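The analysis underlying the following values was restricted to heavy atoms, covering all of them including side chains, and did not include hydrogens, waters or symmetry mates. None of these values were measured; they are calculated from a predicted model. Convention: sequence-line order gives letters A, B, ...; per-chain numbering from 1.
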There are 2 protein chains.
Amino acid sequence: MSDGDQVTGRAPARSKRSDALRNQQALLAAAAEVFVASGVDAPIREIAARAGVGIGTIYRHFPTRADLVVAVYRHQVEACAEAGPALLADAGSPFTALGRWVDLFVDFLVTKHGLANALRSDSGGFEALHAYFLDRLVPVCARLLDAAADAGEIRPGTQAYELMRGIGNLCAGHDGDPRYDPRRLVGLLLEGLRRPPSS
Amino acid sequence: MSDGDQVTGRAPARSKRSDALRNQQALLAAAAEVFVASGVDAPIREIAARAGVGIGTIYRHFPTRADLVVAVYRHQVEACAEAGPALLADAGSPFTALGRWVDLFVDFLVTKHGLANALRSDSGGFEALHAYFLDRLVPVCARLLDAAADAGEIRPGTQAYELMRGIGNLCAGHDGDPRYDPRRLVGLLLEGLRRPPSS
DNA sequence: TGACTAAGCGGAACCGTGTTCCGTATCGTT
DNA sequence: AACGATACGGAACACGGTTCCGCTTAGTCA
(Lines give C-alpha, C1' and ligand atoms only; values in the text may rest on other atoms or scores of the structure.)
Protein backbone atom coordinates (compact mmCIF):
# COMPACT_ATOMS: atom_id res chain seq x y z
CA MET A 1 0.00 0.00 0.00
CA SER A 2 1.34 3.41 -0.77
CA ASP A 3 -0.51 5.34 1.88
CA GLY A 4 -0.39 4.07 5.36
CA ASP A 5 -3.89 3.06 6.35
CA GLN A 6 -5.76 -0.18 6.38
CA VAL A 7 -8.77 -1.10 4.35
CA THR A 8 -11.08 0.10 7.06
CA GLY A 9 -9.53 3.54 7.47
CA ARG A 10 -9.96 6.66 5.40
CA ALA A 11 -7.25 7.97 3.15
CA PRO A 12 -5.10 10.08 5.45
CA ALA A 13 -3.33 12.03 2.73
CA ARG A 14 -0.28 11.95 4.93
CA SER A 15 1.73 13.53 2.13
CA LYS A 16 3.75 16.62 2.61
CA ARG A 17 3.58 18.43 -0.64
CA SER A 18 0.55 19.66 -2.50
CA ASP A 19 1.77 18.68 -5.95
CA ALA A 20 2.35 15.14 -4.78
CA LEU A 21 -1.23 14.93 -3.62
CA ARG A 22 -2.49 16.38 -6.88
CA ASN A 23 -0.51 13.89 -8.89
CA GLN A 24 -1.72 10.99 -6.82
CA GLN A 25 -5.32 11.98 -7.48
CA ALA A 26 -4.64 12.46 -11.18
CA LEU A 27 -2.99 9.06 -11.28
CA LEU A 28 -5.92 7.35 -9.62
CA ALA A 29 -8.37 8.94 -12.02
CA ALA A 30 -6.23 8.17 -15.06
CA ALA A 31 -5.61 4.59 -14.00
CA ALA A 32 -9.31 4.03 -13.50
CA GLU A 33 -10.04 5.25 -17.03
CA VAL A 34 -7.26 3.24 -18.56
CA PHE A 35 -8.22 0.09 -16.67
CA VAL A 36 -11.75 0.41 -17.98
CA ALA A 37 -10.49 0.98 -21.51
CA SER A 38 -7.64 -1.53 -21.66
CA GLY A 39 -7.80 -3.78 -18.61
CA VAL A 40 -5.51 -3.92 -15.61
CA ASP A 41 -2.59 -5.02 -17.77
CA ALA A 42 -2.43 -1.74 -19.60
CA PRO A 43 1.10 -0.37 -20.03
CA ILE A 44 2.32 1.79 -17.18
CA ARG A 45 3.41 4.44 -19.61
CA GLU A 46 -0.12 4.79 -20.91
CA ILE A 47 -1.42 5.55 -17.45
CA ALA A 48 1.38 8.00 -16.79
CA ALA A 49 0.72 9.75 -20.07
CA ARG A 50 -3.01 9.98 -19.45
CA ALA A 51 -2.34 11.46 -16.03
CA GLY A 52 0.18 13.87 -17.50
CA VAL A 53 2.98 12.74 -15.23
CA GLY A 54 6.31 10.99 -15.69
CA ILE A 55 6.90 7.30 -15.26
CA GLY A 56 9.01 7.88 -12.21
CA THR A 57 6.09 9.53 -10.47
CA ILE A 58 3.86 6.55 -10.91
CA TYR A 59 6.47 4.26 -9.41
CA ARG A 60 7.04 6.56 -6.48
CA HIS A 61 3.39 6.59 -5.56
CA PHE A 62 2.67 2.97 -6.40
CA PRO A 63 5.76 0.78 -6.30
CA THR A 64 3.96 -2.28 -7.64
CA ARG A 65 1.11 -2.76 -10.00
CA ALA A 66 -0.96 -4.32 -7.23
CA ASP A 67 -0.54 -1.16 -5.15
CA LEU A 68 -2.01 0.88 -7.94
CA VAL A 69 -4.85 -1.50 -8.59
CA VAL A 70 -5.80 -1.68 -4.93
CA ALA A 71 -5.66 2.08 -4.62
CA VAL A 72 -7.90 2.51 -7.63
CA TYR A 73 -10.25 -0.07 -6.23
CA ARG A 74 -10.62 1.77 -2.97
CA HIS A 75 -10.84 5.08 -4.72
CA GLN A 76 -13.67 3.79 -6.87
CA VAL A 77 -15.53 2.34 -3.91
CA GLU A 78 -15.24 5.71 -2.21
CA ALA A 79 -16.34 7.59 -5.30
CA CYS A 80 -19.31 5.26 -5.72
CA ALA A 81 -20.29 5.61 -2.09
CA GLU A 82 -20.10 9.38 -2.15
CA ALA A 83 -21.82 9.67 -5.49
CA GLY A 84 -24.99 8.03 -4.18
CA PRO A 85 -26.31 10.86 -1.99
CA ALA A 86 -25.01 13.46 -4.39
CA LEU A 87 -26.89 11.97 -7.32
CA LEU A 88 -30.00 11.69 -5.21
CA ALA A 89 -29.80 15.39 -4.49
CA ASP A 90 -28.85 16.56 -7.98
CA ALA A 91 -30.55 14.28 -10.47
CA GLY A 92 -34.06 14.95 -11.55
CA SER A 93 -35.62 11.85 -10.06
CA PRO A 94 -34.53 9.02 -7.79
CA PHE A 95 -34.72 6.57 -10.68
CA THR A 96 -32.42 8.72 -12.78
CA ALA A 97 -30.07 8.87 -9.81
CA LEU A 98 -30.20 5.13 -9.50
CA GLY A 99 -29.46 4.73 -13.17
CA ARG A 100 -26.45 7.02 -13.02
CA TRP A 101 -25.22 5.33 -9.91
CA VAL A 102 -25.46 1.89 -11.45
CA ASP A 103 -23.42 3.19 -14.33
CA LEU A 104 -20.64 4.18 -11.98
CA PHE A 105 -20.97 0.84 -10.29
CA VAL A 106 -20.47 -0.97 -13.57
CA ASP A 107 -17.33 1.06 -14.26
CA PHE A 108 -16.12 -0.05 -10.92
CA LEU A 109 -16.93 -3.69 -11.58
CA VAL A 110 -15.12 -3.71 -14.88
CA THR A 111 -12.06 -2.35 -13.15
CA LYS A 112 -12.49 -4.75 -10.31
CA HIS A 113 -12.68 -7.68 -12.61
CA GLY A 114 -9.05 -8.06 -13.52
CA LEU A 115 -8.21 -7.28 -9.94
CA ALA A 116 -8.53 -10.84 -8.74
CA ASN A 117 -5.70 -11.80 -11.07
CA ALA A 118 -3.54 -8.88 -10.10
CA LEU A 119 -3.88 -9.85 -6.44
CA ARG A 120 -3.14 -13.54 -6.58
CA SER A 121 -0.23 -14.05 -4.20
CA ASP A 122 -1.18 -10.95 -2.27
CA SER A 123 -2.21 -13.12 0.67
CA GLY A 124 -5.78 -12.68 1.85
CA GLY A 125 -5.96 -8.94 1.29
CA PHE A 126 -8.50 -9.61 -1.37
CA GLU A 127 -11.26 -10.84 0.92
CA ALA A 128 -10.80 -7.82 3.15
CA LEU A 129 -11.25 -5.55 0.17
CA HIS A 130 -14.33 -7.39 -0.91
CA ALA A 131 -15.90 -7.13 2.52
CA TYR A 132 -15.07 -3.45 2.63
CA PHE A 133 -16.66 -2.95 -0.71
CA LEU A 134 -19.90 -4.62 0.36
CA ASP A 135 -20.11 -2.82 3.70
CA ARG A 136 -19.65 0.49 2.03
CA LEU A 137 -21.85 0.19 -1.02
CA VAL A 138 -24.85 -1.91 -0.08
CA PRO A 139 -26.30 0.82 2.17
CA VAL A 140 -25.79 3.41 -0.55
CA CYS A 141 -27.59 1.30 -3.09
CA ALA A 142 -30.31 0.52 -0.59
CA ARG A 143 -30.96 4.17 -0.03
CA LEU A 144 -31.24 4.84 -3.75
CA LEU A 145 -33.66 1.96 -4.10
CA ASP A 146 -35.75 3.16 -1.21
CA ALA A 147 -35.92 6.66 -2.61
CA ALA A 148 -37.02 5.42 -6.01
CA ALA A 149 -39.55 3.11 -4.42
CA ASP A 150 -40.91 5.90 -2.23
CA ALA A 151 -41.30 8.05 -5.31
CA GLY A 152 -43.27 5.25 -6.90
CA GLU A 153 -40.80 4.89 -9.79
CA ILE A 154 -39.90 1.28 -9.19
CA ARG A 155 -41.59 -1.68 -7.62
CA PRO A 156 -40.83 -1.82 -3.91
CA GLY A 157 -39.14 -4.69 -2.13
CA THR A 158 -36.00 -5.05 -4.19
CA GLN A 159 -32.98 -5.93 -2.08
CA ALA A 160 -29.85 -3.89 -2.66
CA TYR A 161 -27.51 -6.81 -2.16
CA GLU A 162 -29.42 -8.91 -4.62
CA LEU A 163 -29.43 -6.20 -7.26
CA MET A 164 -25.74 -5.53 -6.85
CA ARG A 165 -24.96 -9.20 -7.00
CA GLY A 166 -27.00 -9.52 -10.16
CA ILE A 167 -25.21 -6.62 -11.79
CA GLY A 168 -21.92 -8.12 -10.71
CA ASN A 169 -22.77 -11.38 -12.35
CA LEU A 170 -23.81 -9.69 -15.55
CA CYS A 171 -20.42 -8.03 -15.69
CA ALA A 172 -18.53 -11.19 -14.84
CA GLY A 173 -18.09 -12.84 -18.21
CA HIS A 174 -16.85 -9.63 -19.80
CA ASP A 175 -13.84 -10.63 -21.92
CA GLY A 176 -13.77 -7.87 -24.46
CA ASP A 177 -16.13 -9.91 -26.60
CA PRO A 178 -17.92 -7.27 -28.68
CA ARG A 179 -21.02 -9.45 -28.82
CA TYR A 180 -21.49 -9.22 -25.08
CA ASP A 181 -22.09 -5.78 -23.62
CA PRO A 182 -22.83 -6.03 -19.91
CA ARG A 183 -23.98 -2.43 -19.78
CA ARG A 184 -26.79 -3.15 -22.16
CA LEU A 185 -28.05 -5.99 -20.02
CA VAL A 186 -27.75 -4.00 -16.85
CA GLY A 187 -29.85 -1.33 -18.50
CA LEU A 188 -32.46 -3.95 -19.22
CA LEU A 189 -32.35 -5.11 -15.64
CA LEU A 190 -33.00 -1.61 -14.38
CA GLU A 191 -35.80 -1.12 -16.83
CA GLY A 192 -37.34 -4.27 -15.48
CA LEU A 193 -37.23 -2.79 -12.03
CA ARG A 194 -39.65 -0.06 -13.02
CA ARG A 195 -43.04 -0.22 -11.48
CA PRO A 196 -45.42 -1.37 -14.15
CA PRO A 197 -47.70 1.56 -15.04
CA SER A 198 -50.33 1.39 -12.33
CA SER A 199 -53.02 -0.51 -14.13
CA MET B 1 -1.16 -26.94 -34.88
CA SER B 2 2.11 -27.19 -36.60
CA ASP B 3 1.76 -30.68 -38.01
CA GLY B 4 -1.33 -31.49 -39.91
CA ASP B 5 -3.21 -34.16 -37.98
CA GLN B 6 -6.06 -34.03 -35.56
CA VAL B 7 -6.07 -34.96 -31.94
CA THR B 8 -7.04 -38.48 -32.70
CA GLY B 9 -4.38 -39.16 -35.31
CA ARG B 10 -0.75 -40.12 -34.91
CA ALA B 11 2.04 -37.73 -35.65
CA PRO B 12 2.51 -38.05 -39.40
CA ALA B 13 5.99 -36.57 -39.53
CA ARG B 14 5.07 -35.21 -42.92
CA SER B 15 8.34 -33.30 -42.97
CA LYS B 16 10.82 -33.67 -45.75
CA ARG B 17 14.17 -33.39 -44.11
CA SER B 18 15.64 -35.51 -41.36
CA ASP B 19 17.26 -32.69 -39.45
CA ALA B 20 13.94 -30.88 -39.24
CA LEU B 21 12.41 -33.95 -37.67
CA ARG B 22 15.30 -34.30 -35.25
CA ASN B 23 14.99 -30.69 -34.19
CA GLN B 24 11.28 -31.01 -33.69
CA GLN B 25 11.82 -33.94 -31.37
CA ALA B 26 14.59 -32.14 -29.50
CA LEU B 27 12.34 -29.13 -29.14
CA LEU B 28 9.49 -31.18 -27.73
CA ALA B 29 11.77 -32.83 -25.21
CA ALA B 30 13.43 -29.57 -24.21
CA ALA B 31 10.13 -27.74 -23.91
CA ALA B 32 8.75 -30.46 -21.68
CA GLU B 33 11.73 -30.16 -19.35
CA VAL B 34 11.61 -26.40 -19.27
CA PHE B 35 7.88 -26.36 -18.70
CA VAL B 36 8.33 -28.64 -15.72
CA ALA B 37 11.15 -26.50 -14.38
CA SER B 38 9.81 -23.03 -15.06
CA GLY B 39 6.18 -23.29 -16.11
CA VAL B 40 4.59 -22.72 -19.50
CA ASP B 41 5.56 -19.07 -19.45
CA ALA B 42 9.24 -19.84 -19.64
CA PRO B 43 11.15 -17.65 -22.11
CA ILE B 44 11.27 -19.01 -25.64
CA ARG B 45 15.00 -18.45 -25.72
CA GLU B 46 15.46 -20.77 -22.80
CA ILE B 47 13.70 -23.59 -24.59
CA ALA B 48 15.66 -22.96 -27.75
CA ALA B 49 18.92 -22.98 -25.82
CA ARG B 50 18.07 -26.19 -24.00
CA ALA B 51 17.22 -27.86 -27.28
CA GLY B 52 20.43 -26.55 -28.84
CA VAL B 53 18.63 -24.82 -31.68
CA GLY B 54 18.15 -21.22 -32.76
CA ILE B 55 15.13 -19.11 -31.98
CA GLY B 56 14.06 -19.06 -35.58
CA THR B 57 13.79 -22.82 -35.58
CA ILE B 58 11.37 -22.84 -32.69
CA TYR B 59 9.14 -20.32 -34.42
CA ARG B 60 9.20 -22.26 -37.66
CA HIS B 61 8.03 -25.44 -35.99
CA PHE B 62 5.64 -23.83 -33.55
CA PRO B 63 4.45 -20.41 -34.67
CA THR B 64 2.61 -19.66 -31.45
CA ARG B 65 3.19 -20.61 -27.87
CA ALA B 66 -0.08 -22.55 -27.83
CA ASP B 67 1.13 -24.67 -30.72
CA LEU B 68 4.17 -25.67 -28.74
CA VAL B 69 2.25 -26.36 -25.58
CA VAL B 70 -0.31 -28.50 -27.36
CA ALA B 71 2.39 -30.42 -29.15
CA VAL B 72 4.21 -31.08 -25.90
CA TYR B 73 0.97 -32.18 -24.34
CA ARG B 74 0.31 -34.73 -27.02
CA HIS B 75 3.91 -35.80 -27.06
CA GLN B 76 3.77 -36.43 -23.34
CA VAL B 77 0.52 -38.36 -23.56
CA GLU B 78 2.10 -40.50 -26.24
CA ALA B 79 5.27 -41.02 -24.26
CA CYS B 80 3.28 -41.95 -21.19
CA ALA B 81 1.14 -44.37 -23.11
CA GLU B 82 4.08 -46.07 -24.74
CA ALA B 83 6.13 -46.15 -21.56
CA GLY B 84 3.53 -48.29 -19.79
CA PRO B 85 4.14 -51.60 -21.55
CA ALA B 86 7.84 -50.89 -21.86
CA LEU B 87 8.24 -50.39 -18.13
CA LEU B 88 6.21 -53.49 -17.46
CA ALA B 89 8.63 -55.47 -19.57
CA ASP B 90 11.85 -53.87 -18.33
CA ALA B 91 11.39 -53.02 -14.68
CA GLY B 92 12.00 -55.61 -12.03
CA SER B 93 8.46 -55.85 -10.79
CA PRO B 94 5.06 -54.56 -11.83
CA PHE B 95 4.95 -52.29 -8.79
CA THR B 96 8.26 -50.73 -9.70
CA ALA B 97 6.93 -50.24 -13.20
CA LEU B 98 3.82 -48.62 -11.79
CA GLY B 99 5.92 -46.31 -9.66
CA ARG B 100 8.05 -45.22 -12.57
CA TRP B 101 5.03 -44.73 -14.73
CA VAL B 102 3.30 -42.58 -12.15
CA ASP B 103 6.43 -40.47 -12.03
CA LEU B 104 6.15 -39.80 -15.73
CA PHE B 105 2.49 -39.12 -15.29
CA VAL B 106 3.22 -36.47 -12.68
CA ASP B 107 5.70 -34.79 -15.01
CA PHE B 108 2.98 -34.70 -17.54
CA LEU B 109 0.46 -33.27 -15.11
CA VAL B 110 2.76 -30.51 -14.03
CA THR B 111 3.23 -29.56 -17.64
CA LYS B 112 -0.45 -29.90 -18.30
CA HIS B 113 -1.31 -27.65 -15.45
CA GLY B 114 -0.44 -24.30 -16.92
CA LEU B 115 -1.89 -25.50 -20.17
CA ALA B 116 -5.42 -24.51 -19.35
CA ASN B 117 -4.27 -20.91 -19.14
CA ALA B 118 -2.27 -21.08 -22.33
CA LEU B 119 -5.31 -22.36 -24.17
CA ARG B 120 -7.96 -19.93 -23.04
CA SER B 121 -9.34 -18.39 -26.21
CA ASP B 122 -8.30 -21.43 -28.21
CA SER B 123 -11.95 -22.36 -28.68
CA GLY B 124 -12.93 -25.79 -27.40
CA GLY B 125 -9.75 -27.58 -28.44
CA PHE B 126 -9.02 -28.09 -24.81
CA GLU B 127 -11.84 -30.50 -24.09
CA ALA B 128 -10.85 -32.60 -27.08
CA LEU B 129 -7.32 -32.86 -25.74
CA HIS B 130 -8.57 -33.82 -22.33
CA ALA B 131 -10.76 -36.57 -23.73
CA TYR B 132 -7.89 -37.84 -25.82
CA PHE B 133 -5.68 -37.93 -22.79
CA LEU B 134 -8.18 -40.00 -20.80
CA ASP B 135 -8.89 -42.43 -23.61
CA ARG B 136 -5.25 -43.04 -24.17
CA LEU B 137 -3.94 -43.27 -20.64
CA VAL B 138 -6.61 -44.93 -18.55
CA PRO B 139 -6.14 -48.32 -20.22
CA VAL B 140 -2.38 -48.11 -19.82
CA CYS B 141 -2.69 -47.38 -16.14
CA ALA B 142 -5.28 -50.10 -15.75
CA ARG B 143 -2.94 -52.65 -17.22
CA LEU B 144 -0.15 -51.65 -14.85
CA LEU B 145 -2.51 -51.92 -11.92
CA ASP B 146 -3.73 -55.31 -13.03
CA ALA B 147 -0.20 -56.60 -13.41
CA ALA B 148 0.79 -55.40 -9.97
CA ALA B 149 -2.35 -56.85 -8.47
CA ASP B 150 -1.82 -60.19 -10.23
CA ALA B 151 1.71 -60.25 -8.83
CA GLY B 152 0.24 -59.70 -5.40
CA GLU B 153 2.13 -56.45 -4.88
CA ILE B 154 -0.85 -54.21 -4.37
CA ARG B 155 -4.35 -54.70 -3.13
CA PRO B 156 -6.64 -55.57 -6.00
CA GLY B 157 -9.70 -53.62 -7.06
CA THR B 158 -8.21 -50.18 -7.52
CA GLN B 159 -9.72 -48.33 -10.44
CA ALA B 160 -7.30 -46.72 -12.87
CA TYR B 161 -9.47 -43.70 -13.47
CA GLU B 162 -9.84 -43.11 -9.77
CA LEU B 163 -6.15 -43.34 -9.12
CA MET B 164 -5.30 -41.03 -11.98
CA ARG B 165 -7.90 -38.57 -10.86
CA GLY B 166 -6.49 -38.64 -7.36
CA ILE B 167 -2.97 -38.04 -8.59
CA GLY B 168 -4.26 -35.24 -10.74
CA ASN B 169 -5.88 -33.60 -7.78
CA LEU B 170 -2.75 -33.91 -5.70
CA CYS B 171 -0.86 -32.06 -8.41
CA ALA B 172 -3.52 -29.41 -8.84
CA GLY B 173 -2.61 -26.86 -6.19
CA HIS B 174 1.02 -26.82 -7.26
CA ASP B 175 2.06 -23.16 -7.28
CA GLY B 176 5.77 -23.41 -6.80
CA ASP B 177 5.21 -23.33 -3.06
CA PRO B 178 8.23 -25.16 -1.68
CA ARG B 179 6.15 -26.38 1.25
CA TYR B 180 3.93 -28.39 -1.03
CA ASP B 181 5.53 -31.16 -3.03
CA PRO B 182 2.91 -33.13 -4.93
CA ARG B 183 5.41 -35.85 -5.77
CA ARG B 184 5.89 -36.67 -2.13
CA LEU B 185 2.19 -37.09 -1.60
CA VAL B 186 1.79 -39.16 -4.72
CA GLY B 187 4.53 -41.42 -3.39
CA LEU B 188 2.56 -41.81 -0.23
CA LEU B 189 -0.54 -42.64 -2.19
CA LEU B 190 1.27 -45.38 -4.06
CA GLU B 191 2.74 -46.75 -0.88
CA GLY B 192 -0.77 -46.92 0.50
CA LEU B 193 -1.76 -49.02 -2.46
CA ARG B 194 0.57 -51.77 -1.41
CA ARG B 195 -1.03 -54.93 -0.26
CA PRO B 196 -0.66 -55.03 3.50
CA PRO B 197 1.81 -57.84 4.32
CA SER B 198 -0.49 -60.88 4.26
CA SER B 199 -1.28 -61.15 7.93
C1' DT C 1 31.03 -38.52 -57.09
C1' DG C 2 30.25 -33.65 -57.55
C1' DA C 3 27.13 -29.92 -58.50
C1' DC C 4 22.81 -27.92 -57.58
C1' DT C 5 18.51 -26.45 -55.16
C1' DA C 6 15.56 -25.40 -51.83
C1' DA C 7 14.31 -26.63 -47.11
C1' DG C 8 15.92 -25.51 -42.92
C1' DC C 9 18.89 -23.13 -39.62
C1' DG C 10 20.77 -19.53 -36.46
C1' DG C 11 20.77 -15.49 -34.30
C1' DA C 12 21.22 -10.38 -34.97
C1' DA C 13 18.09 -6.84 -34.83
C1' DC C 14 13.83 -4.71 -33.63
C1' DC C 15 9.91 -3.68 -30.69
C1' DG C 16 7.19 -3.02 -26.66
C1' DT C 17 7.19 -3.26 -21.50
C1' DG C 18 8.74 -3.03 -16.90
C1' DT C 19 12.10 -0.83 -13.77
C1' DT C 20 15.85 2.08 -12.08
C1' DC C 21 18.26 6.28 -11.37
C1' DC C 22 19.64 10.86 -11.24
C1' DG C 23 19.75 15.76 -12.72
C1' DT C 24 16.30 19.24 -12.42
C1' DA C 25 12.18 21.73 -10.80
C1' DT C 26 9.20 22.91 -7.22
C1' DC C 27 7.35 23.49 -2.63
C1' DG C 28 7.37 25.21 1.85
C1' DT C 29 10.06 27.29 5.26
C1' DT C 30 13.14 30.48 7.51
C1' DA D 1 15.19 36.00 -0.95
C1' DA D 2 17.57 31.97 -0.05
C1' DC D 3 17.77 27.30 0.96
C1' DG D 4 16.99 22.41 1.91
C1' DA D 5 13.87 18.74 1.33
C1' DT D 6 10.77 16.61 -1.60
C1' DA D 7 8.99 15.24 -5.84
C1' DC D 8 9.25 15.21 -10.81
C1' DG D 9 10.41 13.63 -15.56
C1' DG D 10 12.16 10.78 -18.62
C1' DA D 11 16.58 8.77 -20.44
C1' DA D 12 18.67 4.49 -19.97
C1' DC D 13 18.67 -0.21 -19.04
C1' DA D 14 16.78 -5.03 -18.76
C1' DC D 15 14.10 -8.62 -20.79
C1' DG D 16 11.14 -11.24 -23.45
C1' DG D 17 8.62 -11.84 -27.98
C1' DT D 18 8.95 -11.70 -33.02
C1' DT D 19 10.83 -10.99 -37.61
C1' DC D 20 13.99 -11.50 -41.24
C1' DC D 21 17.69 -12.79 -44.02
C1' DG D 22 22.25 -14.68 -45.21
C1' DC D 23 24.33 -19.17 -44.53
C1' DT D 24 24.26 -24.31 -44.10
C1' DT D 25 23.10 -28.75 -45.44
C1' DA D 26 20.11 -32.72 -46.78
C1' DG D 27 18.58 -34.83 -50.66
C1' DT D 28 18.68 -35.27 -55.70
C1' DC D 29 20.20 -35.85 -60.29
C1' DA D 30 23.51 -36.57 -63.84
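- Of the possible donor and acceptor atoms, none in the side chain of A:R136 sits under 3.5 Å from a partner among the backbone N and O of A:R74.
- With respect to the salt-bridge test (charged N to carboxylate O, under 4.0 angstrom), the residues B:E191 and B:R194 qualify.
- A:F105 pairs in a side-chain contact (heavy atoms from CB on, under 4.5 Å) with only one of the listed residues (A:V77, A:V186, A:I167), which is A:I167.
- Atom CZ of A:F62 and atom P of C:dG18 are 16 Å apart (whole Å).
- Axis orientation changes by 10° from one end of the helix from C:dT1-D:dA30 to C:dT30-D:dA1 to the other, with each end axis drawn from 5 pairs and the value rounded to 10°.
- Taking atom CD1 on B:I44 and atom C1' on D:dT18, their separation rounds to 9 Å, with Å as the unit.
- Applying the side-chain hydrogen bond (donor to acceptor under 3.5 Å, both in side chains) test to residues at least two apart or on different chains, none of the pairs has a partner in residues 139-152 of chain B.
- An OP1 or OP2 oxygen of C:dC9 is reached within less than 4.0 angstrom by a side-chain nitrogen or oxygen of B:H61.
- As a whole-Å value, the separation of A:L68 CG from C:dT19 C1' is 15 Å.
- Between B:Y59 atom OH and C:dC15 atom P there is a gap of 16 Å when expressed in whole angstrom units.
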Check the interface with nucleotides 28-30 of chain C: list each N/O to N/O pair with the protein under 3.5 Å, or write none.
residue: C:dG28; atom: OP1; partner: A:S18; partner atom: N; Å: 3.2
residue: C:dG28; atom: OP1; partner: A:S18; partner atom: OG; Å: 3.2

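- For residues 42-53 of chain B, the salt bridge (Lys or Arg N to Asp or Glu O under 4.0 Å) pairs, not counting sequence neighbours, are B:E33-B:R50.
- Atom CD1 of A:I58 is separated from atom P of C:dT17 by 14 Å (rounded to the nearest Å).
- In terms of modelled atom types and a separation under 3.5 Å, the side chain of A:D67 and the main chain of A:T64 share a donor-acceptor contact.
- Rounded to whole Å, atom P of C:dC9 lies 10 Å from atom CG of B:L21.
- Here the P atom of nucleotide D:dG16 and the CZ atom of B:R65 are 11 Å apart, to the nearest Å.
- In terms of the side-chain contact (heavy atoms from CB on, under 4.5 Å) criterion, residue partners of B:A97 (sequence neighbours excluded) are, by chain and number, B:L87, B:L88, B:A91, B:L144.
- Using a 4.5 Å heavy-atom threshold, the side chains of B:I44 and B:F62 count as separate.
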Distances under 3.5 Å only, N/O to N/O: pair up the protein atoms with those of nucleotides 10-12 of chain D.
residue: D:dG10; atom: N7; partner: A:I55; partner atom: N; Å: 3.4
residue: D:dG10; atom: N7; partner: A:G56; partner atom: N; Å: 3.3
residue: D:dG10; atom: O6; partner: A:G56; partner atom: N; Å: 3.1

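- Between the CG atom of A:D67 and the P atom of C:dG18 there is a distance of 15 Å, given to the nearest Å.
- Counting only heavy atoms from C-beta outward, the side chains of A:Y161 and A:L134 approach each other to under 4.5 Å.
- Counting heavy atoms from C-beta outward, B:Q159 and B:L145 have side chains that stay 4.5 Å or more apart.
- Taking side-chain N and O atoms only, B:N23 has no distance below 4.0 Å to OP1 or OP2 of C:dG8.
- The nearest pair of heavy atoms linking B:P156 to B:A149 is CA-CB, 4.1 Å.
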